[in-house]
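Have a look at the structure below, then the notes.
What you see is a predicted model; the values in this text were computed from it and never measured.
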Amino acid sequence: MCYLARRAIQHAGFSKHRNFTDSAFQNTDEIMQRLKVAQALKSTSVGIEVDVRGWIRTKRESKQGFAFLELNDGSSMGNLQVIVDGSVPGFADINKQLTTGSSVRVTGELKESPAAGQRVEVHAKTLELYGTADAEKFPLQKKRHSFEFLREIAHLRPRTNTFGAIFRVRNALSRAIHNFFQSRGFLYVHSPIITTSDAEGAGAMFHVTTLDMVKRKLVDGQVDYTEDFFGKKASLTVSGQLEGEIFATSLGDCYTFGPTFRAENSNTTRHLAEFWMIEPEMPFYDLQDNMNLAESFIREILTEVLAACPEDMAFFNERIDNTVMATLRNIIDNDFLRLSYTEAVEILMTCGEKFDYPVEWGTDLQSEHERYLTEKKFGKPIILYDYPRQIKSFYMRVNEDGKTVRAMDVLVPRVGEIIGGSQREERLDVLLERMQECGLNPEDYWWYVDLRRYGSVPHSGFGLGLERVMLLLTGMANIRDVIPFPRTPKNADF
RNA sequence: UCCCCGAUAGCUCAAUAGGUAGAGCGAGCGGCUGUUAACCGCUAGGUCCUAGGUUCGAGCCCUAGUCGGGGAGCCA
């Protein structure tokens, strides 16, 4: 039997099964509405029969023979209160098993709640237990847990209030990012995850190989990658920028949005070995255009998430960090301050502040310097631009002064650097000169150099770390807690 | 990778000057209650991270390691 025919039969069987055996949809005059908890909480249709399914967060019991269940299915911060009493068939038998973490299906009437705390509630008519959760063993308790502990049970932490909110916000943020670019006609480009180009030396790379690590042959003490799957040394990408430039200089404004990998041994609250990066790349944009886009971008995606997740954001502001909303409003409502690197250095040298590291023109700014500028001195986002050429990458366009390049960093309070970008060097001779200066072999970047050989145009772009924006939005302190499954040195469980 | 701090009950922590462990929450049982961080009472629960060492005696002191946290560097 061919695959499609088998599919058709299975599908028919499935439909038939649903129609004749699923009691929620059978032989009932009232319309039984299958609702998510979020829908039920917002519903104005008091009196309707509903069917809700989810996990019990807590149960409060009365010896009068009824119980209050707090039901959550991840669709919202709030729980749906369900009242179960002796009239519900089988309640007495399964009551003991209705523990925190167990999963149930409830049907009943949606009613206005007589008590404070919730607008509506469900009076159960049927109750079905899907799966139990042994109260002695289930790790999530009816109490607060440390984020460190929850990280050890990353498979269960999405069932908590905080992580439910985090991942709903992460979803809303991803959507807002796509909306921002799509509404402006940007093309979404899928840059490769496996690459054989050394990118721009953005960081140490993870190797991708099928070679036997023990038995592999060494030629002159070196691994012979011609035997490897790709016939040469391959790695996980550290950036999609170079590929982005290919599409920007052919199809126009574009962006990448995908996972990125850095094998740096970084142990901080702001770094991951695997993180998600957004990298727009625009032809005919100079650095000013680039900064303008970056600023609108930050402002608009934050605005959209605030509008999409009001309950979750209120939770973060109340329980995680009570300055979150004020910080976000400050970013949304104010223009970003633009400061050249040279101006920033002057401010830092004359401000009278004591720093652990000295400030001098020509060296990169330390975190303490950036923090001082964005948090203490100006108290708002800052875009620094025109950095010394010797501390920046080869692809950044050299300014007329010959000393600086058209690079820009967006710094925000609390998180620090959230965007790094530049106008790209479009002049072939200057690019080759810069590659030599940075010790790179142009032959390794032949296709990148080619873009300057054929129809070269001014162009610009930037990179934004999704998790850094998440830190900003949620007020969470550790980047490991804003990605579903964090990968850091010595940690890739789950 | 470097610097600092930590690891004790399921979780969060306490244990005075080295004298072989306590609380809160959670859990179980009972009481009370249209309850909602519920409340009141009782009960159970611990190779004090691992391996060495000092000592009559180590949760506590020493050494090494593992894991976790904070900061730095690298950056997104």
(request) Determine the interatomic distance between C1' on B/A51 and the same-named atom on B/U16; round to the nearest Å. (result) 29 Å
(message) Rounding to an integer number of Å, can you tell me how far A/His145 NE2 sits from B/A37 C1'?
(response) 13 Å
(message) I need the CZ-P distance between A/Arg60 and B/C39, as an integer number of Å.
(response) 11 Å
(request) Please report, rounded to the nearest Å, how far the C1' atom of B/U35 is from the CZ atom of A/Arg57. (result) 18 Å
(request) Take atom CZ of A/Arg319 as the centre, draw a 6.0 Å sphere, and report whether it contains more than 12 heavy atoms from other residues, nucleotides or ligands. (result) no
(message) What's the gap between B/G69 and B/C32 when it is taken at their C1' atoms, as a whole Å value?
(response) 43 Å
(message) B/U12, OP1 or OP2 - any side-chain N/O from A/Ser146 closer than 4.0 Å?
(response) yes
(request) Just name whichever nucleotide pairs with B/G68, Watson-Crick or G-U, keeping both distances under 3.5 Å, else none. (result) B/C5
(message) Using a heavy-atom cut-off of 4.0 Å across all strands, would you classify A/Lys490 as base, sugar-phosphate, or nothing?
(response) sugar-phosphate
(message) Applying a 4.0 Å non-hydrogen cut-off, can you work out what A/Phe147 is touching in the nucleic acid: base, sugar-phosphate, or nothing?
(response) nothing
(message) Which nucleotide wins on minimum distance to the side chain of A/Gln366, given the candidates B/A76, B/U1, B/A72?
(response) B/A72
(request) Send over the distance from A/Met205 CE to B/C75 C1', rounded to a whole Å. (result) 15 Å
(request) Starting from P on B/G34, measure out to CZ on A/Phe68 and report it in whole angstrom. (result) 8 Å
(request) Mind calculating the distance between CZ (A/Arg151) and P (B/C67) to the nearest angstrom? (result) 15 Å
(request) Return yes if the base of B/U35 and the side-chain atoms of A/Glu61 contain a donor-acceptor N/O pair under 3.5 Å, otherwise no. (result) no
(message) Under 6.0 Å from the ring centre and within 45 degrees of the ring axis: does the NZ or CZ of A/Arg159 meet both conditions for the six-membered ring of A/Phe163?
(response) no
(request) Indicate, yes or no, whether a donor-acceptor pair under 3.5 Å links the base of B/C75 to the side chain of A/Arg468. (result) yes
Enumerate, atom names and distances included, each donor-acceptor pair closer than 3.5 Å involving a side-chain atom of residues 469-482 of chain A, sequence neighbours excluded.
{"unit_1": "A/Thr474", "atom_1": "OG1", "unit_2": "A/Met470", "atom_2": "O", "d": "2.7"}
{"unit_1": "A/Thr474", "atom_1": "OG1", "unit_2": "A/Met476", "atom_2": "N", "d": "3.1"}
{"unit_1": "A/Asn478", "atom_1": "OD1", "unit_2": "A/Arg480", "atom_2": "N", "d": "2.9"}
{"unit_1": "A/Asp481", "atom_1": "OD1", "unit_2": "A/Arg151", "atom_2": "NE", "d": "2.9"}
{"unit_1": "A/Asp481", "atom_1": "OD1", "unit_2": "A/Arg151", "atom_2": "NH2", "d": "3.4"}
{"unit_1": "A/Asp481", "atom_1": "OD1", "unit_2": "A/Arg157", "atom_2": "NH1", "d": "3.2"}
{"unit_1": "A/Asp481", "atom_1": "OD2", "unit_2": "A/Arg151", "atom_2": "NH2", "d": "2.8"}

(request) Would you jot down, in residue-number order, the residues of residues 471-484 of chain A having a non-hydrogen atom under 4.0 Å from RNA chain B? (result) A/Asn478, A/Arg480
(message) Taking the six-membered ring of A/Tyr387 as reference, does the cationic atom of A/Lys392 (NZ for Lys, CZ for Arg) lie under 6.0 Å from its centre and within 45° of its axis?
(response) yes
(request) Select base, sugar-phosphate, or nothing to describe what A/Pro114 touches, counting heavy atoms under 4.0 Å on all strands. (result) base
(message) Check this for me: does any side-chain nitrogen of one of A/Asp321 and A/Arg414 sit under 4.0 Å from a carboxylate oxygen of the other?
(response) yes
(message) Measuring only the C1' atom in each nucleotide, how far is B/C5 from B/G19? A whole number of Å is fine.
(response) 28 Å
(message) Let me spell it out: for each of A/Ile418 and A/Thr268, pick the nucleotide of RNA chain B with the closest heavy atom. Which residue's pick is nearer the 5' end?
(response) A/Thr268
(message) Rounded to whole Å, please give me the gap between CZ in A/Arg371 and C1' in B/G70.
(response) 12 Å
(message) Any side-chain N or O of A/Ser367 below 4.0 angstrom from OP1/OP2 of B/G73?
(response) yes
(message) Taking B/C13 as the reference, what is the distance to B/A72 when you measure between their C1' atoms (whole Å, please)?
(response) 29 Å
(message) By a 5.5 angstrom centroid cut-off and a 30 degree plane limit, is there stacking between A/Phe275 and B/A76?
(response) yes
(request) Rounded to whole angstrom, note down the C1' distance from B/G18 over to B/C11. (result) 29 Å
(request) Fit a plane to each ring of A/Phe206 and A/Phe261, take the angle between them on a 0 to 90° scale, and name the class: parallel (under 30°), tilted (30 to 60°) or perpendicular (over 60°). (result) perpendicular
(request) Quick one: label A/Thr58 by what it contacts on the DNA or RNA (base, sugar-phosphate, nothing), any heavy atom closer than 4.0 Å. (result) nothing
(message) My understanding is that a pair needs two contacts under 3.5 Å, Watson-Crick or G-U wobble. By that rule, which nucleotide pairs with B/A14?
(response) none
(request) Looking only at side-chain atoms of A/Gln81, point me to the closest of B/C74, B/G34, B/A27. (result) B/G34
(request) Could you work out the separation of B/U8 and B/G46 based on their C1' atoms and round it to a whole Å? (result) 8 Å
(request) Take atom P in B/G34 and the same atom in B/A7, then report the distance between them in whole Å. (result) 45 Å
(message) Once hydrogens and angles are ignored, does a donor-acceptor distance under 3.5 Å link the base of B/G6 to the side chain of A/Glu148?
(response) no
(request) Remember a base hit wins even if backbone is also touched, and classify A/Ile278 as base, sugar-phosphate or nothing at under 4.0 Å, heavy atoms. (result) nothing
(request) Could you tell me whether the phosphate oxygens of B/A76, OP1 or OP2, come under 4.0 Å of any side-chain nitrogen or oxygen in A/Thr260? (result) no
(request) Identify the nucleotide, in any strand shown, that forms a Watson-Crick or G-U wobble pair with B/G46, with both distances under 3.5 Å; if there is none, say none. (result) none
(message) On RNA chain B, does the nearest nucleotide to A/Arg270 precede the nearest nucleotide to A/Asn265 from the 5' side, or the other way round? Give the residue.
(response) A/Asn265
(request) Could you tell me whether A/Leu466 contacts a base, only the sugar-phosphate backbone, or nothing, with contacts defined as non-hydrogen atoms closer than 4.0 Å? (result) nothing
(request) Salt-bridge test for A/Arg434 and A/Glu437: reply yes if a basic N is under 4.0 Å from a carboxylate O, no otherwise. (result) yes
(request) Considering just the side-chain nitrogens and oxygens of A/Arg144, establish if one lies under 4.0 Å of OP1 or OP2 belonging to B/C13. (result) no
(message) Over all strands shown, is A/Glu368 touching base, sugar-phosphate only, or nothing at heavy-atom distances under 4.0 angstrom?
(response) nothing
(message) Can you measure A/Leu140 atom CG to B/A27 atom C1' for me and round it to whole angstrom units?
(response) 14 Å
(request) Could you check which nucleotide pairs with B/G41 in any of the strands shown, counting Watson-Crick or G-U wobble with both distances under 3.5 Å? (result) B/C29
(request) State the pairing partner of B/C61; accept Watson-Crick or G-U wobble contacts with both distances under 3.5 Å, and report none otherwise. (result) B/G53
(request) Please tell me which of the listed nucleotides, B/G28, B/U35, B/G73, lies nearest to the side chain of A/Ala135? (result) B/G28
(message) Does B/A27 have OP1 or OP2 under 4.0 Å away from a side-chain N or O of A/Gln141?
(response) no
(message) Salt bridge or not between A/Arg424 and A/Glu281? Use side-chain N to carboxylate O under 4.0 Å.
(response) yes
(message) Any salt bridge linking A/Arg170 with A/Asp312? Criterion: basic side-chain nitrogen under 4.0 Å from a carboxylate oxygen.
(response) no
(request) State plainly whether the residues A/Glu49 and A/Lys125 are in salt-bridge range, i.e. N to O under 4.0 Å. (result) yes
(message) Could you measure the distance from the NZ atom of A/Lys376 to the SG atom of A/Cys351? Nearest 0.5 Å is fine.
(response) 8.5 Å
(message) Please determine whether a side-chain nitrogen or oxygen atom of A/Lys96 lies at a distance below 4.0 Å from atom OP1 or OP2 of B/C29.
(response) yes
